[in-house]
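As the structure is a computational prediction, the values presented were derived from the model and not from experiment.
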Amino acid sequence: MLSDKSSGGLPVHIGFIMDGNGRWAVKRGLPRKLGHREGAQAFRKIARYCKKIGIKYVTFYAFSTENWKRPKEEVDELMRLFREYLDEVEDYARENTRLFFLGDKSAFDGDMARKMADMEEKSAGFDGMTLMLAMNYGGRDDIVHSVRKIAEMAANKEIRISDIDESLVSSLLYTGGIPDVDLLIRPSGEKRISNFLIWQSAYAEYYFTDTLWPDFSPKELDKALEDFASRKRRFGGV
């Protein structure tokens, strides 16, 4: 658990890139799909720990728009895991957690998309924590999604060109109404954000660690939060 000294510097919104599942399995001579199952366990632990310590918004990068390029067997396993996620995240709703899914849901089977929408609707009034899963999500696609909406509004004469500003673009992203990311965490040793919340992370603090996601524990998160609390965020100022 964080020390009292640093607990006042908690981020409001944390983004997690759940990376390293496949490598975790390969290092142990196991099929990659078993790494994803271990990663799902880490997701459960970290999501509940975030709520316990008072993080208000958490976003987990579960499946990107580029991940469809992976081997079919791996994609099929991820889809099976997502169905399990959807069965389990209903438990989070019972814990006063708002559930939100970022990305283009149309790529998923109809029953999955309907279940996502249903859980969003049922949990809309909960305020203990907002838990977001980015599924079939890409940061560039997110911005294109917003721009298309703006183009439609302009074509319908709902807005004028002069009305287009950062606030409007932000409000029409998948995360519309959600605070921007304060802390973005990527395990696995990679040092890039891989098209994750690129608009929303404009002023995020980045934290990279060599720990693979299945091994990312609450203790590892505490290290990231201690580091975050020690930084001075200037947002372009001095």
Side-chain angles (χ1 to χ4, degrees), residues 13-22 32-33 35-48 50 57-93 97-124 126 129-146 148-149 172-178 181 184-188 190 192-201 213-214 216:
H13 185 176
I14 303 178
F16 294 95
I17 299 177
M18 300 189 289
D19 192 26
N21 296 326
R32 286 176 59 88
K33 65 182 181 180
H36 292 300
R37 291 202 166 273
E38 288 299 317
Q41 294 290 346
F43 157 75
R44 297 179 184 103
K45 287 186 290 187
I46 294 301
R48 286 198 162 89
C50 283
Y57 301 89
V58 289
T59 304
F60 293 89
Y61 203 8
F63 192 83
S64 77
T65 50
E66 292 79 24
N67 285 157
W68 296 104
K69 301 173 186 176
R70 293 188 176 189
K72 183 178 184 301
E73 181 183 7
E74 186 171 346
V75 171
D76 288 346
E77 176 61 21
L78 285 167
M79 292 302 114
R80 282 192 289 271
L81 275 176
F82 293 159
R83 290 182 183 280
E84 292 179 14
Y85 275 171
L86 293 178
D87 290 335
E88 291 182 12
V89 292
E90 288 185 289
D91 293 336
Y92 293 96
T97 297
R98 179 188 178 197
L99 304 171
F100 209 61
F101 298 91
L102 310 181
D104 181 5
K105 300 181 183 69
S106 67
F108 297 109
D109 290 344
D111 62 323
M112 287 181 66
R114 284 191 296 273
K115 192 160 190 176
M116 290 180 200
D118 184 55
M119 282 190 281
E120 287 179 342
E121 182 179 353
K122 287 181 178 178
S123 66
F126 298 156
M129 182 179 79
T130 296
L131 170 61
M132 290 167 281
L133 278 171
M135 297 170 62
N136 194 31
Y137 176 87
R140 290 181 175 180
D141 177 72
D142 196 357
I143 295 170
V144 170
H145 171 78
S146 175
R148 283 177 175 162
K149 287 187 174 182
L172 296 173
L173 295 171
Y174 289 119
T175 52
I178 301 294
V181 177
L184 191 150
I185 297 174
R186 180 168 192 161
S188 84
E190 304 292 351
R192 56 182 178 272
I193 62 172
S194 296
N195 201 21
F196 178 52
L197 298 176
I198 53 180
W199 177 286
Q200 299 89 335
S201 298
W213 176 252
F216 194 87

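Relative orientation of the Y137 and Y61 rings is perpendicular, given thresholds of 30° and 60° on the angle between their planes. Ring geometry for H13 against Y57 counts as tilted: the plane angle lies between 30° and 60°, on a 0 to 90° scale.
Counting heavy atoms from C-beta on, the side chains of W68 and N136 come closer than 4.5 Å. Within the 4.5 Å cutoff, the side chain of I198 has heavy atoms near those of the I193 side chain. A 4.5 Å side-chain heavy-atom check between K105 and M112 finds every atom pair outside the cut-off. For the pair E120 and F100, the minimum side-chain heavy-atom distance is below 4.5 Å. A 4.5 Å side-chain heavy-atom check between L131 and F43 finds at least one atom pair inside the cut-off.
Across F196 and T59, no two heavy atoms sit closer than the pair CZ-CG2, 3.8 Å. When every heavy atom of N21 is checked against every heavy atom of G39, the shortest pair comes out as OD1-CA, 3.4 Å. Nearest heavy atoms, L173 versus Q200: CD1-NE2, 3.7 Å. Closest non-hydrogen pair, A62 versus N67, comes out as O-OD1, 4.5 Å.
Annotation: E121, atom CD; neighbour count of heavy atoms from other residues, nucleotides and ligands within 6.0 Å does not exceed 12.
Residues that satisfy the side chain to side chain donor-acceptor pair (under 3.5 Å) test with R37, not counting sequence neighbours, are E77, E84.
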Step-by-step salt bridge (charged side-chain N to carboxylate O under 4.0 Å, His left out) determination, K33 to D76: CA-CA 9 Å; K33 65 182 181 180; D76 288 346; over 6 Å; no
